[in-house]
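These notes concern the structure reproduced below.
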There are 2 protein chains.
Amino acid sequence: MKSQPSSSIEDYVKVIYSFTEWQDKPITSSQLAARLGVANSSVSEMVRKLKDQGLVDHRPYGAVRLTADGERLALTMVRRHRLLETFLVQELGYSWDEVHDEAEQLEHAVSDTFVERLAEKLGHPDRDPHGDPIPSPTGRVERPSALPLGDLDPGHEGRITRISDDDPEMLRYLARERIVLDTAVHVVRRKPFGGPLVVRIGAGNGAHEFDVPDSIASSLWVHSDSSHEGCTLERA
Amino acid sequence: MKSQPSSSIEDYVKVIYSFTEWQDKPITSSQLAARLGVANSSVSEMVRKLKDQGLVDHRPYGAVRLTADGERLALTMVRRHRLLETFLVQELGYSWDEVHDEAEQLEHAVSDTFVERLAEKLGHPDRDPHGDPIPSPTGRVERPSALPLGDLDPGHEGRITRISDDDPEMLRYLARERIVLDTAVHVVRRKPFGGPLVVRIGAGNGAHEFDVPDSIASSLWVHSDSSHEGCTLERA
DNA sequence: CCTCGAGTTTCGGTACGCCTAAATCCTACG
DNA sequence: CGTAGGATTTAGGCGTACCGAAACTCGAGG
């Protein structure tokens, strides 16, 4: 009855998981449809199948939630994806804005053996090129304690620990502006009337100021290196 | 009208190509079916589709032959497969009997960009771990001049340049017997009444004799390093 | 020259994953 | 409290790739 999952099913489960990774409302059918680029009706059908296989909990007209089995599957897909991205960047010279689609294809084709040998070769990294944590083979994830840049008050200092990878265009822009993983940031002030945040990027002579529009501010996650460590574990 | 090929179509074309790689009779429907592990009726249907797409020539009840387009596609698939096998062995520590199935999956998932960056990283190898030649990106193949061990007369000396990879069990056996790529062989004699060939493997103090049954003799290809070079270009 | 059987094709049917259109549900506003 | 409109599900279909069974072809042997 285990019938190893089709690549569509892997995609559904991965999207459901990702939706709750950085915020914990469960996903609705139409959000799922939008993220997968399929019709709502296709999602209804597929969710029924996922439920039959015990991968999700779902009652008609309700949201979709992963079961323990579903989460296990999702985590193996996420592990694959992030290890593949790391491989593409470290070993094949891809830039971080190019890796997503390639990894998306590969993650359905690689075997468990492949994944583990790859992890070995890469030295068991714990995060991918965008700073996303790589789950362990047994499905354990170390969620880095960090907050979206947009949530920080002026005066905060820290390093960038995660950069959302869903817009390659933005990744290229950030790379040009020297904003990469582990770059130091200092929140200077927020311009009034919902204007952009002003931050200081880098330290020493390479430092420069940068206006961060909201769309970017919510995609950059910052770990405070100065103050109290565990301050960011809960979320509203 | 180009409609990039489905992975089934890639498989069909690759199998058709492989059939004629070391011998040049065209493949029949039922042979195709056997190699793909599908029913004859499925092949009929699929061959019609391949023909519609201009990848094969075929008339009812006749054999199946690749067109120039079909061969181009086949060669890109073969290139992918063999580069992937090389990668798995060289970079991920796979043994040569493990790589086939993994490469089979991956070859449908990798992009052209991936393949070329991989080739780059591997130093543009010209043969895979079994000695099969890797076509260039433009579809040129250097067919190594070599003969099946079984076709050689006693007295012949040479090195193994290709080992057929369709039986992983045999590959493991050969590896245990120290028979690998570039191993020196010397045909000693053939035991009478269709008995096995006797060969001397290796040179110097590591050398040993080995009885080669026919099934293995036809899977090992030898390049004569002593005598006239170009003697093996044509085939019966 | 005719026939018989292996090889091949055609014919209906299945599973999967997707679609549009129509029916249904639920909620929030009036 | 009732209903309109958005969200969701059902119904009916499509394309791909597979199957088994039935129909057909063709060439070798009688």
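Just so we're on the same page: letters track the sequence lines, and every chain starts at 1.
With rounding to the nearest 0.5 Å, the separation of CZ in Arg72(B) from OG1 in Thr67(B) is 8.0 Å. Summarising the geometry, atom OG1 belonging to Thr86(B) is positioned 4.0 Å from atom CD1 belonging to Ile134(B); distances are rounded to the nearest 0.5 Å. His124(A) contributes atom NE2, which lies 10.0 Å from atom CG of Leu118(A) (distance to the nearest 0.5 angstrom).
Without hydrogens or angle criteria, Arg80(B) side chain to Val110(B) main chain gives a donor-acceptor distance under 3.5 Å. At distances below 3.5 Å, at least one donor-acceptor pair connects side-chain atoms of Arg143(A) with backbone N or O atoms of Glu21(A). Counting only distance, with no hydrogens or angles, the side chain of Glu142(B) and the backbone of Pro133(B) share no donor-acceptor pair below 3.5 Å.
Atom CG in Asn40(A) sits roughly 16 Å away from atom C1' in dA11(D) (whole-Å rounding). Distance Asp11(B) CG to dT16(D) C1': 14 Å, rounded to the nearest Å. Rounded to whole angstrom, the span from the CG atom of Leu36(B) across to the P atom of dT16(D) amounts to 18 Å.
As judged by a 4.0 angstrom heavy-atom cut-off over every strand, Ala39(A) is placed among the base-contacting residues. Across all strands, Ser41(A) comes closer than 4.0 Å to base atoms (heavy-atom distances). Residue contacts shown for Gly37(B) are limited to sugar-phosphate atoms, with no base heavy atom under 4.0 Å away.
Side-chain contact check for Trp96(B) versus Asp165(B): every heavy-atom pair is 4.5 Å or farther apart.
The stretch residues 42-51 of chain B touches DNA chain C through Ser44(B), Arg48(B), each having a heavy atom under 4.0 angstrom from the strand.
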Quiz item: Yes or no on side-chain contact (heavy atoms from CB on, under 4.5 Å) for His81(A) and Asp132(A), after CA distance, side-chain angles and deciding distance?
Solution: CA-CA 11 Å; His81(A) 185 92; Asp132(A) 291 326; over 6 Å; no
Exercise. Verify side-chain contact (heavy atoms from CB on, under 4.5 Å) between Tyr173(A) and Asp167(A), making sure each step is shown before the conclusion.
Key: CA-CA 10 Å; Tyr173(A) 174 62; Asp167(A) 183 354; over 6 Å; no
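Between Phe114(A) and Phe87(B), the ring-plane angle classifies as tilted under the 30° and 60° cut-offs.
Applying the side chain to side chain donor-acceptor pair (under 3.5 Å) test between His130(A) and each of Arg82(A), Glu85(A), Arg162(A) identifies Glu85(A) as the sole match.
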Between protein and nucleic acid, restricted to nucleotides 22-28 of chain D and to nitrogen or oxygen atoms under 3.5 Å apart, what atom pairs and distances do you find?
from    : atom 1 : to       : atom 2 : distance (Å)
dT25(D) : O4'    : Tyr61(B) : OH     : 3.3

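For DNA chain C, the contact window with chain B, defined by any atom under 4.0 Å from a protein heavy atom, covers dG7(C) to dT10(C) in 5' to 3' order.
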